[in-house]
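Everything quoted here is computed from the prediction, not taken from an experiment.
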Amino acid sequence: MQRRVFLKLSAFTAAVLALPFTPGCNPGEVDAESQPVFFSHLVDAKTIAAAGKAYLVTHPDENNVDKLKAILLPKNGQPTDVNAIGRSLVVSIANDFNTGGTVTVSGWILSATEARQCALFYLLQP
C-alpha cells in the first residue's frame, strides 16, 4: 500500500471514530481545537505536550494561546460548534499531508495543524 493511500485511509478512519466530538465526556475537558485526535490515538498526553513544547521552540512566534486558536479555528464565518471545529481540523490535517505541510517534532512527522494542536494543548496545561 502506498504511503499516501495509507495516510488518507488512516485520517478518514480516525475522523469517523473521533467525530462527532462529544462535549462533557472528559473530565477537565479542554477546547476541541487543542485535541490532536489522530496523534492522540498513538501517544499519551505527556508525549502530546512534549511535541507541543518542541514545536513552540522552533516556532516562537506562535507561542500564544489566542494566536494558535485563531490559526486553528474555522474561518470565513463558519460555525464554531465542536463538530464544525472537528470537521475543519480533519480537512486541514488532510490538506497539510497532501501539500507537504508537515513538520518534525520530537521525532514525529506531524501535519502543521496537528503540531499546532499539540502546542495549544501544551500551553493550556495547568
Minimal non-hydrogen separation, A115 against Y55, with atom names: CB-CD1, 3.5 Å
Salt bridge (Lys or Arg N to Asp or Glu O under 4.0 Å): pairs with one or both residues in residues 96-112, sequence neighbours excluded: none
Counterpart residues, side chain to side chain donor-acceptor pair (under 3.5 Å), relative to S92 (two or more places apart): T113
Value rounded to 0.5 Å, distance of NZ in K53 from CD in Q125: 12.5 Å
pair L110-I93: side-chain heavy atoms closer than 4.5 Å: no
Joint cluster assignment, V57 & I109, ILVMFWY side-chain distance < 4.5 Å: no
Derivation and outcome, side-chain contact (heavy atoms from CB on, under 4.5 Å), residues V103 and T58: CA-CA 10 Å; V103 294; T58 59; over 6 Å; no
Listed once per pair and sorted, the salt bridge (Lys or Arg N to Asp or Glu O under 4.0 Å) pairs that draw on residues 110-126, sequence neighbours left out: E62-R116
I71/K69 under side-chain contact (heavy atoms from CB on, under 4.5 Å): CA gap, chis, key distance, verdict: CA-CA 5 Å; I71 294 168; K69 284 186 177 192; over 6 Å; no
Gap between atom OG of S111 and atom CD of Q117 - 0.5 Å precision: 7.0 Å
In one Ile/Leu/Val/Met/Phe/Trp/Tyr side-chain cluster, 4.5 Å: V65, L56: yes
Nearest-0.5 Å distance, SG of residue C118 to CZ of residue F39: 5.0 Å
Reported CG-to-CG distance for the pair L73 and L89, which is rounded to 0.5 angstrom: 7.5 Å
Rounded distance [0.5 Å steps], CG in L42 versus CD1 in I48: 9.0 Å
